[in-house]
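Each chain gets a letter, A, B and so on, in the order its sequence line appears, and its residues count up from 1. On a predicted model such as this, the values are computed, not experimentally measured, just so you know.
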2 protein chains.
Amino acid sequence: MDDLKKSEKDTLSGKLQNAGLRPTRQRLLLAKILFDGLPKHVTAEQVMTAVRKRKGHVSLATVYNTLNQFTQAGLMRCVSVDQSCAYFDTTLEPHHHFFDEVSGRLWDIPEGDLKISVPDAPHGRGIARVDVTVRLNKKP
Amino acid sequence: MDDLKKSEKDTLSGKLQNAGLRPTRQRLLLAKILFDGLPKHVTAEQVMTAVRKRKGHVSLATVYNTLNQFTQAGLMRCVSVDQSCAYFDTTLEPHHHFFDEVSGRLWDIPEGDLKISVPDAPHGRGIARVDVTVRLNKKP
DNA sequence: GTGTTTGCAAAGTGTTTGCAATTTA
DNA sequence: TAAATTGCAAACACTTTGCAAACAC
């Protein structure tokens, strides 16, 4: 828990300040776009588009910097899906991975060490595959 | 220009031919490096390093092309871990994703629709988080 | 005021591509 | 010989950075 006043917690300004970020015009606009209560998955370019739609202006570099700052501050997180695949894996059988955030190393989780049951694919779609990555950091 | 043992060459040759790929010098060398029976997770640059270590030569562009061809041919697969995170996600609570390979869209899997149990972190490491991506394609 | 943040353009990264030369079947 | 493959360098998309001007406190 924290000992901040309600108003501080409830405004975007307060949210930024809580995170140690000055509530600048740009950050407030981005926060308004991002934290409207609905879950979002956005790319930097999509954020730019949203900014333009509101007739605002934030430079692309600032969008990138701000998204990274928000992420670092724990206000959001990031998901890597594909783009150009960073790691090529010689094992074909379905299997999952440990990823060591410290060393950048990736290795297999032994078969049977992980159990998962996934929902059905939406209508008209099939499951291509299921990727599980257990991300490791230094022991807390 | 033959630095591969005959038996290896024949096996790898066949593997490439089965996949509809001509067994060229470059592909054979890369196949030898990649398919030695041990599971591997490599980046293009690591493959380049392995090539140099064997005093071979394959251009970087060919390494990329070949890795993509091998992947496309089903000889290997690729795993995306991070790099610069492509999607920023405003939801902080642990949750997982559907990723539609057709549209490139990403959305949340409703809480409770997915069950997973993961192994303990290796000694000295903690679990930072678990990422599950259910990748969708066109219905088969 | 003082330290922080922004915007711009330039630099950087990792990957793909166009095309002539080479190699394979 | 015809078609596939390679290497190079240039193009590429996306992201980060350096620094002067603008801003928040």
Closest-nucleotide ordering on DNA chain D, the 5'-leading residue of A:A44 and B:V58: B:V58
In this structure, how many angstroms lie between the [atom2] atom of [N] and the [atom1] atom of [X], rounded?
| X | N | atom1 | atom2 | value |
| --- | --- | --- | --- | --- |
| B:L67 | C:dG14 | CG | P | 15 Å |
| A:L29 | D:dC23 | CG | C1' | 16 Å |
| B:L16 | D:dA4 | CG | C1' | 14 Å |
| A:L21 | D:dC25 | CG | C1' | 15 Å |
| B:E45 | C:dT16 | CD | P | 13 Å |
| B:N68 | D:dT6 | CG | C1' | 15 Å |
| B:H57 | D:dT5 | NE2 | C1' | 14 Å |
| B:N65 | D:dA4 | CG | C1' | 13 Å |

Side-chain donor or acceptor of A:T91 paired with backbone N/O of B:P39 under 3.5 Å: no
Under 3.5 Å donor-acceptor, B:R27 side chain and B:R22 backbone: yes
Of B:P23 and B:A61, the one whose closest DNA chain C nucleotide lies more 5': B:A61
Earlier contact from the 5' end, DNA chain C, for B:T24 and B:L60: B:L60
N/O donor-acceptor pair, side chain A:R22 with base C:dT5, under 3.5 angstrom: no
Exercise: do A:D108 and B:H41 side chains pair donor with acceptor under 3.5 Å: yes
Compare side-chain N and O positions of [X] against OP1 and OP2 of [N] and report whether any pair is under 4.0 Å apart.
| X | N | value |
| --- | --- | --- |
| A:R25 | C:dT6 | no |
| A:T62 | C:dT5 | no |
| A:Q26 | C:dG7 | yes |
| B:T43 | C:dG14 | no |

Near-ring test B:F35/B:F70, centroid separation under 6.0 angstrom: yes
A:Q72 atom CD, over 12 foreign heavy atoms within 6.0 Å: no
Under 3.5 Å on both distances, the Watson-Crick or G-U partner of D:dT6: C:dA20
Residue matched to D:dA24 through Watson-Crick or wobble contacts both under 3.5 angstrom: C:dT2
